[in-house]
There are 2 protein chains.
Amino acid sequence: MNRRLSTISRKEVAKLAGVSEATVSRVLNNVGPIKEETRLRVLEAARELGYVPNALAQRFARRKSGNVGVILPFVPKVHLFSTYYFAEILSGIGEAAKACNYDLLLIFREPDSPRDYAKLFRTQKVDACIVLGAQNVAEERAALAELQEEGYPFCLVNQRFDEEGYLTVDADHESGSYTAVQHLIASGFKRIAFLNGPGAFSSSGDRLAGYERALAEAGIPLSEERIFTGNYSRKSGFEAAERMAERIKNKAIDAVFAANDRMAIGLMDGLREHGLEAGKDYGLIGYDDSDSSRIVSPKLSTVSVPFYEMGRRAAMKLLATESEEMENTILPVQLLKRETT
Amino acid sequence: MNRRLSTISRKEVAKLAGVSEATVSRVLNNVGPIKEETRLRVLEAARELGYVPNALAQRFARRKSGNVGVILPFVPKVHLFSTYYFAEILSGIGEAAKACNYDLLLIFREPDSPRDYAKLFRTQKVDACIVLGAQNVAEERAALAELQEEGYPFCLVNQRFDEEGYLTVDADHESGSYTAVQHLIASGFKRIAFLNGPGAFSSSGDRLAGYERALAEAGIPLSEERIFTGNYSRKSGFEAAERMAERIKNKAIDAVFAANDRMAIGLMDGLREHGLEAGKDYGLIGYDDSDSSRIVSPKLSTVSVPFYEMGRRAAMKLLATESEEMENTILPVQLLKRETT
DNA sequence: ATGAAAGCGCTAACAC
DNA sequence: GTGTTAGCGCTTTCAT
């Protein structure tokens, strides 16, 4: 009720409670031994004055920013990349951050600016950070290596750098891919094409491995001619249709496993222009279980990835005091059979 | 290159440059008169030592957090609400924040916790904030009124409280709705139903007004029986199908204007189960131009809203020093005719 | 169990 | 132009 535009200082609380400022601090931070009666008196005074500690001063004195940084990759038209993907991961991080009393600083990478992740720590803007959409390219490796060298806590989500010992939360894309392709094979398909994502993502390697394993297990020879590469955009899926249409018509390909839903949907649309219908003229399975996969028709079979949980785990690893797990976490994924297979 | 785990202090820079710490500050902040030679010497020393100022200390001394807070509404399953919507607005805010040298603090509202927006300011966690998904309900009004009373700078996006003089960036939903319905009328539809969103959003009132204006202008009598309410979820659209199916079959309704794409798509799916096809058995137009609207088939006619720009403008109003525009901004929307009309 | 006081690393007024 | 110095509001030793 006591509303004033000037800041209510700790000093006033101390005076009202008849104690020193240090004691106010102790009470508010629950540190050191405090007589219960004093504690109550201080709490009451603080409540009465509507005192809230100045986070700026606190953080400065503690030399802790209280922030966890989340680095988002630059994506030209945001929604080109899966917004679903980021929204889920971010929410998971948000939940964990809140639980650990951290604030969440959102950092949008820019196309031109260098990836100076370490600067975030040097300037004390963050105490830890989570890198989303990291790629295995020289600049990224250098930026991460610097973080590691200087001992700054960070965690990667959905991307591994196996040779380095980085803290990571990933999903089991090898098995997701394997299961998906196995499902296609079980459905009677034999000439399964693979529309993969860029090699800079570890998931691409994982999915390729799963694809190969499933084929090998079924005794289907691997053919480079059936492996395509897109960039996860709908457009790249659409364009891949041009390269596949004839081959599907002459039965050189009878099904496609795409590395994400967006490409799968672009592909569906592209092939439709060639009179080819998913689930009828060819089998199709996507990846991510994005909103779109449930909305398109025919409904897209896909692999669901626990993005929310991945974000939550990553933040927990960094922020939770008890959880000192430094091993990589790899979460399971799940095949969802719908109408295209 | 000079890499050390301990912080490089301003003192060392001062020593190396042979000046006082204050001069280092002046140079780095471009404040006060400085001899060019000194400036260069300091810059060189800072570069050589790899000095970066401690943002925590800076902000504390300046009594400015350097953060703009973005408050996200609580949405049970995040992607239930339009993630597209938030991703776009957030990116726009991100761009402006960066341009104005602010960091972006993401704040997830929780269902249980009260909306104590003012506390963000009192604790100095933010210097300004942008409220997304605000609703016209008592608790929200109180929280915003408090911000206003205490003079804290904030801006609403896509929501107006007309009686209050809050800083706002909105889109012209009245006109968007009017244009959409006008288009349906021009396409020959006469019994146009309206699936609106919750009344707690100003856009719902705006869209209703636009709907009424278009009907009035065409001399079509308004019928309460054709006005339905959903909650912007796909599910609520799906459920509305139950209430509309019979009426469409007996021609009491020949087209539907839905307040967002998700509901429109849910409705399409629901009506399909009754053998009704959008664009064939009834006209349908959505709102938002979300990814899904382009992906569904038939492709959904819709109204595109400049969410990215709205976010950017909101942040600019709050953060840009020159822009002292306190009037409300209302951005235009655009009708996109696709396959369902 | 509590108070006094020394910082935290910077900014900004004031002096020269 | 540049140096000196007093804070900023808190935490945290060190006394008592």
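Below, chains carry the letters A, B, ... as their sequence lines are ordered, and counting in each starts from 1.
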- Message: Rounded to whole Å, how long is the line connecting atom CZ of R39(A) with atom P of dT2(C)?
- Response: 12 Å
- Message: Rounding to an integer number of Å, can you tell me how far N30(A) CG sits from dA1(C) C1'?
- Response: 15 Å
- Task: Indicate yes or no for a side-chain donor-acceptor contact from R312(A) to the backbone of A96(A) under 3.5 Å, with no hydrogens or angles considered.
- Result: no
- Sole candidate of Y166(A), F161(A), Y117(A), F121(A) that passes ring pair (Phe, Tyr, Trp, His ring centres under 6.0 Å) when paired with F154(A): Y166(A)
- For I71(B) and L120(B), run side-chain contact (heavy atoms from CB on, under 4.5 Å): C-alpha distance rounded to whole Å, both residues' side-chain angles, the deciding distance at 0.1 Å, then the answer. CA-CA 10 Å; I71(B) 297 173; L120(B) 288 169; 3.9 Å; yes
- Message: Closer than 3.5 angstrom, by distance alone: can the side chain of D127(A) be matched with the main-chain N or O of G66(A) as a donor-acceptor pair?
- Response: yes
- Task: Working to the nearest 0.5 Å, report the span between NZ of K125(B) and OG of S65(B).
- Result: 10.5 Å
- May I ask you to say whether K15(A) pairs ionically with E12(A), meaning some side-chain N is under 4.0 Å from a carboxylate O? no
- Using atom CD of E37(A) as one end and atom C1' of dT2(C) as the other, report the distance to the nearest whole Å. 13 Å
- Query: Which of these nucleotides, dT2(C), dG3(D), dA1(C), is closest to any side-chain atom of T38(A)?
  - Reply: dT2(C)
- Query: Between R41(B) (CZ) and dG3(D) (C1'), how many Å, whole number?
  - Reply: 14 Å
- Which parts of nucleotides 4-14 of chain D does protein reach within less than 4.0 Å, heavy atoms only, written one letter per nucleotide 5' to 3' as B for base, S for sugar-phosphate only and - for none? B---BBBBBB-
- Task: Check the distance between dT2(D)'s P and I34(B)'s CD1 and give it to me in whole angstrom.
- Result: 6 Å
